[in-house]
Asker: 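Encoded as structure tokens, here's the structure I'll be asking about.
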Protein chains: 2
Amino acid sequence: MGKSNTKSKFKDFLLTQGLKSTNQRELILEEFLRAGSHLSTEDLYLRLRMKNPRIGYATVHRTLKLFAECGIAEQRHFGDGQARYEASAQDEHHDHLICISCGKIVEFEDSRIEELQMEVAGEHGFSIERHRLELYGYCSSCSTSI
Amino acid sequence: MGKSNTKSKFKDFLLTQGLKSTNQRELILEEFLRAGSHLSTEDLYLRLRMKNPRIGYATVHRTLKLFAECGIAEQRHFGDGQARYEASAQDEHHDHLICISCGKIVEFEDSRIEELQMEVAGEHGFSIERHRLELYGYCSSCSTSI
DNA sequence: CGCCTAGTTGAAAACGGATTTCAATTTAAA
DNA sequence: TTTAAATTGAAATCCGTTTTCAACTAGGCG
């Protein structure tokens, strides 16, 4: 999904929900799209503060929740106790490789794994709505430098 | 691993670490083994309080951390903001199916998925230390009752 | 046994990220 | 405009986790 497309999707969402379009929400969405994925609320807040001190943490927090409701962002947890947000892929799901040395996060997708997940779930009588797969280890830079 | 085996493993751990064997630690381990897996600190604390009011939350918390250090328990997070602990399987890893309606948690293991994970990680230059796979959906009872 | 020292305990305080409160402000419909 | 409803941000609150600290053991030693 292109950036302008995402912006109009958000505007539509605000309209249909009877919410208002504000300068802060626009700034936060722009910075969110510019900044790349896997930012914590704090990360995004600090980036915004540098450019525009008139934005509060609470607003960033609430706006990220709106993004998630609207479907343009997803909340993630990688075990460090902080929520992170990433821009939603339009249709396909992906999982994560996380380097436990440098913190680098790589996305991947493997339909063979997804199929096996459905199979296993079916064996246990579950119908799956969503899943989480995270692989923790050392990226190439970190494993060679040991 | 049998329960008495687990208990002696914990005693050994305490000895080798220069820690002391106390009544509280014994009670907590017994209740932990009796109670089944996926308990939060709070869960275990409440169960212990019913039988013996002279046990503090802090002690339960610290003892569960000892279990994890010692290798007889593992900490898990299933997205409800609470840490949960489960007794460690002696050698094999397992993953989880979680019912988003009733909260039921089922364990499973699939070596085909594990193999594919290693393959995908290798393609990205990662060497994997551990992983987390959770499938969220509706168990058979909950999906039929809709 | 009783002493002694290091480890342990539990109530309460501190912590840290997430969330809410509320008075002042802004949006946008009438 | 005027006005009602939504939004904002600083500060307060929430809630699970973790630490503090004075009182209390465990267990080694004489």
Side-chain angles (χ1 to χ4, degrees), chain A residues 10-32 38-70 73-85, chain B residues 7 10-32 38-70 73-85 103:
Chain A
F10 185 52
K11 285 217 165 152
D12 283 353
F13 172 79
L14 293 178
L15 266 179
T16 61
Q17 300 291 310
L19 304 177
K20 287 171 179 172
S21 199
T22 69
N23 194 240
Q24 283 92 333
R25 286 176 176 165
E26 278 175 34
L27 287 172
I28 293 169
L29 179 51
E30 265 176 45
E31 190 61 33
F32 175 69
H38 310 118
L39 291 101
S40 65
T41 307
E42 178 84 13
D43 291 339
L44 191 54
Y45 169 66
L46 290 176
R47 290 182 65 120
L48 283 156
R49 282 297 282 230
M50 284 195 285
K51 300 179 182 178
N52 186 339
R54 307 189 53 46
I55 285 192
Y57 183 94
T59 302
V60 177
H61 167 78
R62 286 182 288 225
T63 305
L64 281 169
K65 276 187 27 174
L66 284 183
F67 291 172
E69 266 182 73
C70 158
E74 282 170 46
Q75 200 187 48
R76 304 266 179 203
H77 290 269
F78 294 120
D80 63 350
Q82 288 205 139
R84 290 170 188 281
Y85 289 84
Chain B
K7 286 187 192 176
F10 186 51
K11 285 218 164 149
D12 283 353
F13 172 78
L14 293 177
L15 266 179
T16 60
Q17 301 290 311
L19 304 177
K20 288 172 180 171
S21 199
T22 69
N23 194 241
Q24 283 92 331
R25 285 176 178 167
E26 278 175 33
L27 288 172
I28 294 169
L29 179 53
E30 265 176 43
E31 191 61 33
F32 175 68
H38 310 121
L39 292 100
S40 66
T41 307
E42 178 84 13
D43 292 339
L44 191 55
Y45 169 67
L46 291 177
R47 290 182 66 117
L48 283 157
R49 281 297 280 232
M50 285 195 286
K51 300 179 183 178
N52 186 338
R54 307 189 55 43
I55 284 192
Y57 183 95
T59 303
V60 176
H61 167 79
R62 284 183 288 226
T63 305
L64 281 169
K65 277 186 27 175
L66 283 182
F67 292 171
E69 267 182 72
C70 158
E74 282 171 45
Q75 201 186 49
R76 304 267 178 202
H77 291 268
F78 293 120
D80 63 349
Q82 288 204 138
R84 290 171 188 281
Y85 289 84

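All heavy atoms count here, side chains included; hydrogens, waters and symmetry mates do not. Naming: A, B, ... by sequence-line order, numbering from 1 per chain.
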Asker: Report the residue from A/K65, A/Q75, A/H38 that forms a side chain to side chain donor-acceptor pair (under 3.5 Å) with A/Y85.
Answerer: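 Answer after filtering A/K65, A/Q75, A/H38: A/Q75.
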
Asker: Provide the closest heavy-atom pair for B/H77 versus B/A83 in the form atom of the first, atom of the second, distance.
Answerer: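 It is CE1-CB, 3.8 Å.
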
Asker: Would you mind checking if B/E26 and B/K7 are paired as a salt bridge, meaning a charged N to carboxylate O distance below 4.0 Å?
Answerer: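 Looking at B/E26 together with B/K7, the answer is no, because their closest N to O distance does not fall below 4.0 Å.
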
Asker: Nearest heavy-atom pair of A/S21 and A/K11: which atoms, and what distance?
Answerer: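 Closest approach of A/S21 to A/K11: OG-CE, 3.7 Å.
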
Asker: Scan nucleotides 13-19 of chain D nucleotide by nucleotide, 5' to 3', and note B when protein non-hydrogen atoms come under 4.0 Å of the base, S if they reach only the sugar-phosphate, - if neither.
Answerer: ---SBBB

Asker: Atom CG of A/L66 and atom P of D/dT7: how far apart are they, to the nearest Å?
Answerer: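 Nearest whole value for this atom pair: 8 Å.
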
Asker: If I take atom CG from residue A/L66 and atom OG1 from residue A/T59, how far apart are they, to the nearest 0.5 angstrom?
Answerer: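 Answer for the CG-OG1 pair, A/L66 versus A/T59, is 10.5 Å.
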
Asker: On DNA chain D, check which nucleotide each of A/Y45 and B/Q24 is closest to and give me the residue with the more 5' one.
Answerer: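 So the residue in question is A/Y45.
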
Asker: For DNA chain D, which residues in residues 15-23 of chain A have a heavy atom at a distance below 4.0 Å?
Answerer: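 Result for residues 15-23 of chain A: A/G18, A/L19, A/K20, A/T22, sorted by number.
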
Asker: Taking atom C1' of D/dC24 as reference, at what distance in whole Å does atom CZ of B/R25 sit?
Answerer: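 One finds 14 Å between C1' of D/dC24 and CZ of B/R25, rounded.
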
Asker: List the steps, then state whether side chain to side chain contact (heavy atoms under 4.5 Å, CB included) holds for B/N52 with B/L48.
Answerer: CA-CA 6 Å; B/N52 186 338; B/L48 283 157; 6.0 Å; no

Asker: Over how many whole Å does the gap from A/L48 atom CG to D/dG9 atom C1' extend?
Answerer: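 Rounding to the nearest Å, CG of A/L48 and C1' of D/dG9 are 14 Å apart.
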
Asker: Taking C-beta and beyond as the side chain, do A/T63 and A/Q24 meet within less than 4.5 Å on heavy atoms?
Answerer: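 No, too far: nothing below the 4.5 Å cut-off.
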
Asker: Between B/F32 and B/F67, is the ring centre distance below 6.0 Å?
Answerer: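 Yes, the ring of B/F32 comes within the 6.0 Å limit of the ring of B/F67, centre to centre.
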
Asker: Rounded to whole Å, please give me the gap between CD1 in B/I55 and P in D/dC24.
Answerer: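 Atom-to-atom, B/I55 to D/dC24, this comes out as 18 Å.
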
Asker: Identify the 5'-most and 3'-most nucleotides of DNA chain C with at least one atom closer than 4.0 Å to a non-hydrogen atom of chain B.
Answerer: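 Terminal contacting nucleotides, 5' to 3': C/dA6 to C/dA11.
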
Asker: When rounded to the nearest 0.5 angstrom, what distance separates CD in A/Q82 from CG in A/D43?
Answerer: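 Nearest 0.5 Å value for the CD-CG distance: 6.5 Å.
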
Asker: So which of B/R49, B/E42, B/R47 actually passes side chain to side chain donor-acceptor pair (under 3.5 Å) with B/Y45?
Answerer: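 The option that passes is B/R49.
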
Asker: What do the steps show when you test A/L19 against A/R25 for side chain to side chain contact (heavy atoms under 4.5 Å, CB included), and what is the final call?
Answerer: CA-CA 11 Å; A/L19 304 177; A/R25 286 176 176 165; 4.0 Å; yes

